[in-house]
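Notes follow once the structure below has been shown.
Because only heavy atoms are used, hydrogens play no part in the values below, and waters and symmetry mates are left out as well, while side chains stay in. Everything numeric here is computed off the predicted structure, so don't read it as measured data.
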Amino acid sequence: MSEENWKFEYHQIPKTLTESFKELFTGYDEGLVRMEPGGFVTSPTYAKHAEKIYRMKPRSEDVWLLTFPKCGTTWTCELLWLLQNNCDYETASKTGLTLRTPFLEMPYLSTKMQTMREMFMNVDKVEQLPSPRVIRPHMPMYLLPPTLLDTAKVVYVARNPKDVIVSYYFHHKLIKLHGFTGTMDEFAEFFMDDEVFNAPYFAHILEAWSKRDHPNMHFMFYEDMKRNLRGEIEKVAAFLGKTLGEEELVKLTEHLKFDNFKTNESVNNESGKKTGAFNQEGNFIRKGKTGDWKNHFSPELNSRIDAWIEKNLAGTDLKFVTELEYQD
Ligand code: A3P
C-alpha cells in the first residue's frame, strides 16, 4: 500500500443507533461505525480523523506500542518510557503517563467529552514532540503509517481473549464514553460479534503475529509478564538496545509490580474520576491477574467463547495461555 493511497471508507453500524443499543452503551452519542476494508469498529469522529494518523511520519528513534485495549498497554507503556528515558523516575512521577506517551486516537474518540481533548495530545502536537517518542495507538497495524515497521521500533503486547473480555467489560462500565449498563454475557456477545470499540480482536492480533519476525518487531504476551516480569523486562531492554545493571533491573521490576502500579498516580488513571471521564466505582488498574475470567463466565458462556476462539485460531500457530500455575 503506498502512502498516498488512503482507501478506507466507513459506514454506520445501524444497530448502534437503536434505542436498545443506546440503553446498553449510554456513552455513544452517534453510535459506532465500521471502517472498510478490515471491519475496524470505532466512533464516527475517529473515522473522520483516521487518515491524519495514517499519514504521520514515524521516526527511527520512536517506539510504537501496539495493543488491542486491555492487553497491558499502560503497564508496558510505563516500562518503555522508562527504558527510553534512562529510568528517570522523578519525571515519571511528576508527569502523567498520558502526557509522556501520547494515546494517538484518544482526542478523536468522541465529540461529547471535551475533557478528552484537554487530556490527550492531538496528532499535530505528537508530530512536534522531541525524540525519543513512545506512541501508543489501539488501532490495527494496517491503519497506521505504512512505513512504521521499517522505520521505528514496534512492541506488540497480546493477552488471552478471555481475560480481555472481562477486563474490557469492566472498562466499559468504568468509562463514561462507553457507559455500558448490560451484563457480562451481553458484553461477551457484542465482543464475539465484533461490535465493540476497536473490534475485531483476532484480526488485530493476527496481523501483528504475522509480522513478529520482522527485526523491528518485539511481540510479547501479558501472561509472560505475569509469569516472569523481570525476564520480559530484560528481553524488551535488549530489543531497544538498553543495558540495565542488577540494581536498575530490580528497581524497575518493583516499580512495575501490580500493587505499586495501582497506587502510582502518574499511571493509574484515577484522575479520570476527577475530570468526570470515569465513573466513581471501579479502577482502571483493576485486578491484574491471568485467569480472572473463571470468576465471571458461566459454563455455557465459556463454551461459546472456547468455540469462538477455536474457530478464529484455526489454521494459525498462535496459542493463548488462559491460566497460570504461578503468577505475581
Ligand atoms: P484487568 O482489568 O484484568 O485487571 P490496558 O492498559 O491495555 O487498558 O490494560 C489494562 C489491564 O492491565 C487491566 O487488567 C489492568 O489491571 C492490567 N494491569 C495494569 N497494570 C498492571 C500491572 N502492573 N500488573 C499487572 N496487570 C496490570
Side-chain angles (χ1 to χ4, degrees), residues 63-85 87 89 92 97-98 100-101 103 134-138 153-168 170-171 198 201 204-206 208-209 211-212 216-244 246-264 266-269 283-295 309 318-328:
V63 178
W64 288 53
L65 170 61
L66 313 186
T67 50
F68 187 88
K70 311 323 290 175
C71 290
T73 323
T74 317
W75 192 15
T76 317
C77 206
E78 174 76 344
L79 164 62
L80 295 176
W81 188 88
L82 284 165
L83 288 174
Q84 290 294 84
N85 290 277
C87 292
Y89 292 101
L97 186 62
T98 48
R100 288 180 278 132
T101 62
F103 228 134
V134 177
I135 299 177
R136 46 174 166 159
H138 277 321
K153 290 261 192 288
V154 174
V155 174
Y156 190 94
V157 188
R159 187 181 191 187
N160 82 77
K162 293 187 178 184
D163 284 327
V164 170
I165 290 174
V166 170
S167 185
Y168 213 17
F170 285 109
H171 178 99
N198 292 298
Y201 164 87
H204 196 290
I205 292 194
L206 287 168
W209 182 245
K211 297 177 171 26
R212 68 190 182 282
N216 279 349
M217 165 74 92
H218 181 72
F219 195 104
M220 56 196 289
F221 289 94
Y222 178 96
E223 291 77 21
D224 288 333
M225 290 169 81
K226 285 302 300 176
R227 198 158 29 193
N228 179 4
L229 181 55
R230 181 187 160 122
E232 291 304 305
I233 294 173
E234 284 180 303
K235 285 188 211 163
V236 183
F239 171 69
L240 297 180
K242 309 285 177 190
T243 315
L244 294 175
E246 175 62 20
E247 214 175 292
E248 283 170 317
L249 194 51
V250 169
K251 186 168 177 187
L252 188 50
T253 310
E254 202 52 35
H255 178 81
L256 294 172
K257 282 215 172 119
F258 185 80
D259 290 345
N260 295 332
F261 215 73
K262 195 174 172 69
T263 53
N264 179 348
S266 188
V267 299
N268 67 11
N269 288 325
N283 304 98
F284 194 94
I285 308 300
R286 191 185 63 90
K287 196 153 186 185
K289 290 279 179 214
T290 292
D292 188 36
W293 58 271
K294 289 195 239 163
N295 299 317
I309 294 173
L318 176 61
K319 289 194 176 32
F320 288 110
V321 169
T322 56
E323 36 197 313
L324 291 173
E325 249 170 59
Y326 167 80
Q327 59 184 309
D328 275 341

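- With S167 contributing its side chain and D163 its backbone, the two residues share no donor-acceptor pair below 3.5 Å.
- Considering all non-hydrogen atoms of both residues, F258 and R286 come closest at CZ-O, 3.4 Å.
- The one candidate from R136, E78, Q84 that meets the side-chain hydrogen bond (donor to acceptor under 3.5 Å, both in side chains) condition with T101 is R136.
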Determine all donor-acceptor pairs shorter than 3.5 Å in which one atom belongs to a side chain in residues 68-75; sequence neighbours excluded.
residue	atom	partner	partner atom	Å
K70	NZ	H171	ND1	2.9
T73	OG1	T67	OG1	3.0
W75	NE1	L256	O	2.9

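- At least one side-chain heavy atom of L80 sits less than 4.5 Å from a side-chain heavy atom of L240.
- Annotation for Y156 and A208: closest pair CD1-CB, 3.3 Å, computed over non-hydrogen atoms.
- Under the rule for a ring pair (Phe, Tyr, Trp, His ring centres under 6.0 Å), the partners of F170 that lie at least two apart in sequence or sit in another chain are H296.
- Within the 3.5 Å criterion, the main-chain N or O of K235 finds no donor-acceptor partner in the side chain of H218.
- Contact check for P161 versus I205: no side-chain heavy atoms found under the 4.5 Å cut-off.
- Residue Q327 holds its CD atom at 12.5 Å from CG of L229, rounded to the nearest 0.5 Å.
- Looking at L83 and L244, their side chains come closer than 4.5 Å, going by heavy atoms from C-beta outward.
- Residues M225 and T76 meet the side-chain proximity criterion, which asks for heavy atoms closer than 4.5 Å.
- Side-chain atoms of E232 and L79, non-hydrogen and from C-beta on, never get closer than 4.5 Å to each other.
- Counting only distance, with no hydrogens or angles, the side chain of R227 and the backbone of L324 share no donor-acceptor pair below 3.5 Å.
- To the nearest 0.5 Å, atoms NE2 (H255) and CG (L82) are separated by 5.0 Å.
- Between the side chain of K262 and the backbone N or O of I285, at least one donor-acceptor pair lies under 3.5 Å.
- Proximity of a side-chain donor or acceptor of N268 to a complementary backbone N or O of F261 within less than 3.5 Å is not detected.
- Judged purely by atom type and a 3.5 angstrom limit, T263 uses its side chain to pair as donor or acceptor with the backbone of N260.
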Q: Let me see the working for V166 and K287 under side-chain contact (heavy atoms from CB on, under 4.5 Å), right down to the final yes or no.
A: CA-CA 11 Å; V166 170; K287 196 153 186 185; over 6 Å; no
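- Distance check: M217 CE to W64 CH2 gives 13.0 Å after rounding to the nearest 0.5 Å.
- Of the charged side-chain nitrogens involved, at least one lies within less than 4.0 Å of a carboxylate oxygen, so that E254 and K257 count as a salt-bridged pair.
- Panel note: side chain K226, backbone G288; a donor-acceptor pair is recorded below 3.5 Å.
- By the 4.5 Å heavy-atom criterion applied to side chains, V321 and F221 are not counted as neighbours.
- When side chains are defined from C-beta on, N216 does not count as touching V154, because their heavy atoms never get closer than 4.5 Å.
- With values rounded to the nearest 0.5 angstrom, H138 atom NE2 is found 6.0 Å from N198 atom CG.
- The backbone N or O of N160 sits less than 3.5 Å from a side-chain atom of E223, completing a donor-acceptor pair.
- In plain terms, the two heavy atoms of F320 and R159 that are nearest each other are CE2-O, 3.8 Å.
- With 3.5 Å as the limit, one finds no donor-acceptor pair spanning the side chains of R230 and T253.
- Under a 3.5 Å cut-off, the side chain of N85 and the backbone N or O of W81 do form a donor-acceptor pair.
- Note that CG of N264 is 12.5 Å distant from CG of D259, once rounded to the nearest 0.5 Å.
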Q: Please lay out, stage by stage, how F219 and K211 fare under the test side-chain contact (heavy atoms from CB on, under 4.5 Å).
A: CA-CA 9 Å; F219 195 104; K211 297 177 171 26; over 6 Å; no
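- A side-chain donor-acceptor contact under 3.5 Å links K289 to the backbone of D328.
- For the atom pair CG (L65) and CZ (F103), the distance works out to 8.5 Å, reported to the nearest 0.5 Å.
- You'll find the side chain of K242 stays beyond 4.5 Å of the side chain of I233, heavy atoms only.
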